[in-house]
Amino acid sequence: MDYVIEMLNIRKEFPGIVANDNINIQLKKGEIHALLGENGAGKSTLMNVLFGLYQPEKGQIRVKGETVKITNPNIANDLGIGMVHQHFMLVEPFTVTQNIILGNEPKTKTGRINIKKAEQEIQELSDRYGLKVDPSAKIKDISVGMQQRVEILKTLYRGAEVLIFDEPTAVLTPQEITELMEIMRSLIKEGKSIILITHKLKEIMEVCDRCTVIRKGKGIGTVDVKNTNVNELASLMVGREVSFETEKKPAQPKDVVLSVKDLKVKDARKVDSVKELNLEVRAGEIVGIAGIDGNGQTELIEAITGLTKSQSGKIMLNNKDITNKTPRKVTESGVGHIPQDRHKYGLVLDYTVGENIVLQTYYQKPYSKNTILNHKEIYQKAEELIEQFDVRTPSAYTPARALSGGNQQKAIIAREVDRSPDLLIAAQPTRGLDVGAIEFIHKKLIEERDKGKAVLLISFELDEILDVSDRIAVMFDGKIVSSVKPEDTNEQELGLLMAGSQTTKAGDSK
Amino acid sequence: MTSNNKLFALIIPVISVFLGLLAGAIIMLLSGYNPIEGYSALWRGAFGDAFTIGETIRRTTPLILTGLAVAFAFRSGLFNIGAEGQVIVGWLAAVWVGLAIEAPMIIHLPLAVLAGALAGGLWGFVPGLLKAKLGVHEVIITIMMNYIALYISNEIIRSVLTDHATKTDQIASSASLASEWLQGLTYYSRIHYGFLIAIFAAVIMWFLIQRTTIGYELKAVGFNQHASKYSGMNVSKNIIISMVIAGGFAGLAGAMEGLGTYGNIHLMSGFTNLGFDGIAVALLGANNAFGVVLAALLFGVLKEGAGEMPTGAGVPTELVDIIIALIIFFVASSYIIRWALLRFKKEGK
């Protein structure tokens, strides 16, 4: 059997930890090979070794049977290895073409950049793989999904035979994910080979041929995808049985905690984005807001939490008006908020874990008295929560920046849940996290519900909405267009409702 | 990891100072002077006898305060280029109170010092307010405020405090920081009690930043305004507070000159440079209160010692400015190196 890439017995150490310990991965020509592992398992390290960003302490890399030494990304490029990064490396004001040729510009005889020729080549590549990219569009004007395709084109333009996708679906909408799968299949058809780094099991089952699992830096093995199932992959990855069915008792909704009436909110560009929205969340229930990104969910949360002013309407919490109150007032009246963007809003990354734990309570006793901070109390609390919520961090004094995404999110959830708010708003709480962390977070949300708290969940992942919610409110174009029970609906119906289709109204009434 | 960072923060300025001095030595050699003689003259000029020690301390005092003014604002993400103007208005206000009021020392002196701090604070308040409410960049406003301070104070000296004289009368002794005892110890140098105020201000800054909710908020705003807003902090208020306190420190530096060193205020043909040196001091001191004190001392030593170099070793004083500039250059470039290293690391992750 021919392998295009073989990484044999790779070992990579960092001070204090072994990130990769004796890992093997062999990529056949023309296959999509998944690299599966939890956050921090060592997937990215392994790929960075292949891409020449890290040098392994031990092990061998072979490209088409020949042993090679990859000491920098340029060598990787020359060997036909291209990487589609999770965080795009694009210059926003530049066009697609300018971005793709950056650092590798075709010149005319007089030494000027031959944009025309480049544009033509890129157009051809785009057509060949069905990417539908406009070479003259500016990056800032195209969607995230399109930007990712530009990254793919960039590697193809440089002659990549092997493409590494680093968690490509983390930033995409469900539709874009489907399209990406198509693109991957057409790449394979044209003779390329793909390594897909992911922790999303469904995607592996759908598109991959084989799957290599690593756990805590160790290679667990490679399996044929057609001979396995989601449960087996999950337990290989986590090292124990994982339950996908979130276990929960039926909800027992009580009094209305949050009531939103005729709410209107403008977004940052002063365009109406929440339009006379009505919503109620009761104590003891989880209401899931389903919707495609950009239908006013963000503005709705910001209005409730006081981050944005609303134009009109009323927001009541426990029958008290909290419309247009400051974030502090809203927090103090009993709202917890797990924000959508944990780096931008949820954490001060340069602060320690302990300092982040008291981000909303630092001015209260016992964390401070007469404006003097009590570090002992702060770190005591932090250590208590780290223990209780299983936040993996060297210590409470470690900067939040140094934690993995899942552990950062756990720290935020620990902070928000510990304040015991009457209403907990969770916006995309599991975005980019692995199954272990997702399971944990879902359990916590349900625990809060069972304690009689109201939970408002906003997610673009239909699985999550269907799994966790007791009631689903579908949001489209700034309004709640439908309210359904998860047991009475399915992904297809939700998908149609989210796209603004009215036809399901009939089906709703059965 | 944090202890590693702290060590890093300490080593960089030390290496930079060493490299700066080394480069200065090479320049002296190349231009035909003996660097050993040059540096020993510098040392004598700064620490040679009680008088020079007194003068070195006197020079260090306002630099500590302007260093704090820049460092404090920087901790909340603001670049205070306006320390210069804040020094001038602080100087003017302190001298004005020193001249205009008659009161016993226990009231008069604190009042005059406070006037300096308040005036500096006001000069910080304006850019703070504009930044917080209108988003105007503080660098532009503070630079303009420097010129406003310079020309307004000259005009007030000429037309209000004196009748077209080039300097005011000496302040009342009840408002003076000068100390006969200290002067006696140092062969009548111009050393005054101000250095105690400067040290105290550094302790205040350390305490505010590290130990209080005010500092917690200011730093949070400096690191991440979005998260600060999310957590319920008033970002605008914090920006204004930061600039007012920073301005207050610089205003105190002016008061030190007015109430301590000179006892008056004179017409200025240009900037005092105390505020601009404060930027360098803050950078060298890694925006840390304790670091600022050490960096200010280094600057005080270099600037005071430079006076001895032409007479003691025939080295022109300009060379000392070059050495100082080189030290800053090395500090700045080591930050660049560190930044590049960290960036590289991050991308490699």
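Letters A, B, ... are given to chains in the order of the sequence lines, protein chains preceding strands, and every chain is numbered from 1. Please read these numbers as outputs of a predicted model, since none were measured by experiment.
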* Flag the pair A:T305 / B:Y230 as yes when at least one side-chain heavy-atom distance between them is below 4.5 Å, and no otherwise. => no
* Region of A:E355 in contact with chain B, defined by heavy-atom distances below 4.5 Å -> both
* Just give me the residue among A:P339, A:P394, A:G346 that pairs up with chain B most often, heavy atom to heavy atom, under 4.5 Å. => A:P339
* **More than 12 heavy atoms of other groups within 6.0 Å of B:L134 CG** => yes
* **Engaged part of A:Q364 at the chain B interface, taking heavy atoms whose separation is under 4.5 Å** => neither
* **Under 4.5 Å from a heavy atom of chain B, the part of A:V330 involved** => neither
* To do: For the pair B:N224 (side chain) and A:H343 (backbone), establish whether a donor and an acceptor sit closer than 3.5 Å, ignoring hydrogens and angles.
  => yes
* Asked: Under a 4.5 Å cut-off applied to non-hydrogen side-chain atoms, are B:T213 and A:L373 in contact?
  -> yes
* To do: Using a 4.5 Å cut-off on heavy atoms from C-beta on, say whether the side chain of A:H375 contacts that of B:Q210.
  => no
* Structure fact -> B:A220 and A:V348 have their tightest heavy-atom pair at CB-CG2, 4.3 Å
* **Between CZ on residue A:R415 and OG on residue B:S231, distance to nearest 0.5 Å** => 8.0 Å
* From A:T371 atom OG1 to B:R211 atom CZ, the distance as rounded to the nearest 0.5 Å -> 13.0 Å
* Could you tell me whether A:Y362 atom OH has more than 12 heavy atoms of other residues or ligands within 6.0 Å of it? => yes
* Do any N or O atoms from the side chain of B:K229 and from the backbone of A:L307 form a donor-acceptor pair under 3.5 angstrom? -> yes
* Asked: Judged by modelled atom types alone, do A:Y363 and B:E217 share a side-chain donor-acceptor pair under 3.5 Å?
  -> no
* Asked: Taking all non-hydrogen atoms of both residues, which atom of A:P327 and which atom of B:G232 are closest, and how far apart?
  -> CB-CA, 4.0 Å
* Asked: Should we count NZ of A:K329 as having more than 12 external heavy atoms under 6.0 Å?
  -> no
* Is the number of heavy atoms from other residues, nucleotides or ligands within 6.0 Å of CZ (B:F329) greater than 12? -> no
* To do: Please look at A:I372 and chain B and tell me whether the side chain, the backbone, both or neither of the residue comes under 4.5 angstrom of a heavy atom of that chain.
  => both
